[in-house]
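FYI, the numbering just counts along the sequence from 1.
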Amino acid sequence: MMMRRWLFLALTLSLAIIVGVFGLRTYVSRVISPPQPVLKVMAKSLYKYEMCAQAYAFAYADASNPYKTDYTFADPFRKARDTIIPHMLDYNPQTRTVNFSVDVIIPEVNTYHLPLAGVHEEDGVFVLLPDQGQHLQRTQMPQFILASLLHGRVAIVNYTCPQKWSWAMAHTE
């Protein structure tokens, strides 16, 4: 009889520990969010890389705009296809720069809306992505490059080739 009580107590305690660990894991995963993508700019990137696609971004373009700036590629860390969508916001004629809002869609994770200010013609933009271990990774080349501004009304965006991207741990400042 005493043996049954100890066995029941051990089984109950083991079950409580297992439930507690899973509950804590669920709580931590909800409270501690994974890092969101980060945008980094590299000056004068235009003539350094092979380009695979080109898009036109119009200042404050609405959804009916026939020109699409979205670029979809295989996620290097998940079995999914991610999408980058740069939206040109405005042009500063004094600095000859543009501001963007960049949507980064990672289907299994989230959709992010990231600001990017002060981009010059020929600047490249890196999109740092979180891997499954929640570490930001970057490619050795920018994912897209602002090729031309066309008097501040249109930005020509060139995309580098995803098959040439190799990913490594990002060093963020």
Side-chain heavy atoms under 4.5 angstrom apart, residues restricted to Ile, Leu, Val, Met, Phe, Trp, Tyr: same cluster for Val41 and Val104? yes
Rounded to the nearest 0.5 angstrom, the CG-CD distance for Asn158 and Glu50 is 12.0 Å
Residue set satisfying side chain to side chain contact (heavy atoms under 4.5 Å, CB included) with Ser45, at least two apart, ordered chain then number -> Met42, Tyr49, Pro142, Ile145
Under 3.5 Å donor-acceptor, Tyr159 side chain and Thr69 backbone: yes
State which residues pass ring pair (Phe, Tyr, Trp, His ring centres under 6.0 Å) with Phe77; sequence neighbours excluded, sorted by chain then number. Trp167
Within this structure, what is the CG-NE2 distance for the pair Asn92 and His120, rounded to the nearest 0.5 Å? 9.0 Å
Between Ala43 and Lys48, what is the shortest heavy-atom contact and its length? O-NZ, 4.4 Å
Closest approach of Val127 and Phe144, non-hydrogen atoms and distance? CG2-CE2, 4.5 Å
Exercise answer: donor-acceptor pairs, residues 79-90 side-chain atoms, under 3.5 Å, sequence neighbours excluded:
from	atom 1	to	atom 2	distance (Å)
Thr83	OG1	Thr72	OG1	3.0
His87	NE2	Asp103	OD2	2.9
Asp90	OD1	Asn99	ND2	2.9

For the CG atom of Leu116 and the CG atom of Leu39, what is their distance to the nearest 0.5 Å? 5.5 Å
Taking all heavy atoms of Met141 and all of Lys164, pick out the closest pair and write down the distance. CE-O, 3.8 Å
Would a 4.5 Å heavy-atom cut-off, applied to side chains only, mark Leu128 and Lys40 as touching? yes
So which pairs with a foot in residues 126-162 pass disulfide (SG to SG under 2.5 Å), sequence neighbours left out? Cys52-Cys161
Leu136 vs Pro130 side-chain heavy atoms within contact, under 4.5 Å: yes
Which value, rounded to the nearest 0.5 Å, describes the distance between His135 atom NE2 and Leu129 atom CG? 14.5 Å
Contact between Phe100 and Val125 at the side-chain level, heavy atoms closer than 4.5 Å - yes or no? no
Would you list the pairs meeting salt bridge (Lys or Arg N to Asp or Glu O under 4.0 Å) in which at least one residue belongs to residues 116-135, sequence neighbours left out? Lys44-Glu122
Can you list everything that forms a ring pair (Phe, Tyr, Trp, His ring centres under 6.0 Å) with Phe126? Sequence neighbours excluded, please. none
Here the pair of heavy atoms bringing Val157 nearest to Ala57 is CG2-CB, 4.4 Å
